[in-house]
Amino acid sequence: MRAYNFSAGPSTLPLSVLEEAQREFLDFAGTGMSVTEISHRNKAFETIVQEGESLLRELMHIPDDYAVLFVQGGASTQFAAVPLNLMHKGKADYIVTGNFSKKAWQEGKIYGDAACVASSEDKTYTYIPDVSAIPFREDTDYVHICSNNTIFGTRYVEFPDVKAPLVADMSSEILSREIDVTKFAVIYAGAQKNLAPAGVTIVIAKRDLIQNPLPMCPTMLKWKVQDENKSLYNTPPCFSIYMATLVLRHLKKLGGVKEINAINEYKAGLLYDFIDNSSFYTNRVEKKYRSIMNVPFVTPSPELDAQFVKEAAANGLVSLKGHRLVGGMRASIYNAMPVDGVKALIEFMKKFEQENA
Ligand SMILES: *Cc1c(COP(=O)(O)O)cnc(C)c1O
């Protein structure tokens, strides 16, 4: 039986996509070869890259003056690529709302004067700072945010209105809700949360801002070079890009981002409503900023939390253990988590509460 997989990443993928990949695993697009075997210069593969790019442009309404790149090294490598491509005056502002944005800030400090201009660490990242009251610096090269905080389960509701280019790590929510891409200079996302298996990272960057990477920037991290080479500067993660394209096709067939967002709101609503109506389970995040992708919660004790995770797994609800920084549980309910998976989780939570309250 297929488990309901609540892992934060790598995470569950649409079953129909997995089946499609399985069907054509030995013979990709009539080549007589597996997609894992062919050259990245093979026409059939180039077509897949181009289709992936154009689907992403269509689904996210990405204007033509933005580059759309498939790169490697995970979102963590982009923590360095951001300053290396954008930090011309040596100054950048970071909003720290969790572990990943803190890491991005720390990476930024290697290359220049990266400042944390707002943080929610004072309340263990259970909220997003009021973006209208942040003292951004006058001549900063960019402002960096993480739009959805995978570990702590928060998300931005409004984005900061800044003069400087706005850069966002959207790894754990890309394609889960409608975003006005033109508000951002750069959006990047590791694919393994909402889009594909691990190995590929999406970068969406306004072309006129990426023409002058710092001289020390490694060639592989120059977005301009990746753009000029249509993401085929070197051997790309072919299988992950192929899978991303299948997921994007699937998303388009579902009705696009607006439709998946409605489903996501519905799924998250079911789970939060259940938690809020229970005196046994708690979600500590300020309601306004609750993520619809990652839902952390606790029972009354760490012992019960551990028991919950174990019993849930025995019931086919897996990877519910919270991040080591937070403890408790975390249900990651990305695009590919079916409504039935969330309902099954809630039924299990009810039963566990009855047995242990
Ligand atoms: C998972 C995650 C990362 C790290 O991604 P890697 O691909 O492992 O480098 C960074 N930012 C966010 C928001 C994430 O969820």
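Along the sequence shown, the residues carry numbers beginning at 1. Since this is a predicted model, take the numbers as computed values, not measurements. One-based numbering, in listed order, for ligands and for the atoms of each.
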Under 4.0 Å from ligand 1, counting heavy atoms only, is it the side chain of C146, its backbone, both or neither?
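Looking at C146 and ligand 1, just side chain atoms fall under 4.0 Å.
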Mind checking whether M170 contacts ligand 1 via backbone (N, CA, C, O), side chain (CB onward), both or neither, at a 4.0 Å heavy-atom cut-off?
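Within the 4.0 Å criterion, M170 makes no contact with ligand 1.
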Atoms in ligand 1 flagged as close to T150, the criterion being non-hydrogen separation under 4.0 Å:
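Listed by number with element: 12 (C), 13 (C), 14 (C), 15 (O).
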What are the atoms of ligand 1, with element, lying closer than 4.0 Å to any heavy atom of G74?
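Close to G74: 7 (O), 9 (O).
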Can you tell me if [X] and [Y] form a side-chain donor-acceptor pair at under 3.5 Å?
X: T150; Y: N294; result: no
X: K102; Y: N99; result: no
X: E173; Y: S147; result: yes
X: D122; Y: Y127; result: yes

Of the choices K193, Q192, Q72, which has the non-hydrogen atom that lies closest to atom 7 (O) of ligand 1?
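It is Q192 that holds the nearest heavy atom.
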Distance-only N or O hit between ligand 1 and A75, under 3.5 Å
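Looking only at distances, the answer is yes, because the N/O contact criterion of under 3.5 Å is met.
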Between S76 and ligand 1, is there a nitrogen or oxygen pair with a distance under 3.5 Å?
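For ligand 1, there is an N or O atom that lies under 3.5 Å from one belonging to S76.
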For the residue pair Q22 and L18, establish whether any side-chain heavy-atom pair is separated by less than 4.5 Å.
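The answer is no; the side chains never approach within 4.5 Å.
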Answer yes or no: is there an ion pair linking E19 with R23, defined by an N-O contact shorter than 4.0 Å?
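Between R23 and E19 there is no salt bridge, as every charged N stays at least 4.0 Å from the carboxylate O atoms.
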Could you identify the single nearest non-hydrogen protein atom to atom 11 (N) of ligand 1 and state the distance to 0.1 Å?
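Here the closest protein heavy atom is D169 OD2, 2.6 Å.
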When you measure from atom 4 (C) of ligand 1 to every protein heavy atom, which one gives the shortest distance, and what is it?
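Of every protein heavy atom, F100 CE2, 3.6 Å lies nearest to atom 4 (C) of ligand 1.
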Drop me the distance from I204's CD1 to R57's CZ, to the nearest 0.5 angstrom.
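Interatomic distance, I204 CD1 to R57 CZ, rounded to 0.5 Å: 9.0 Å.
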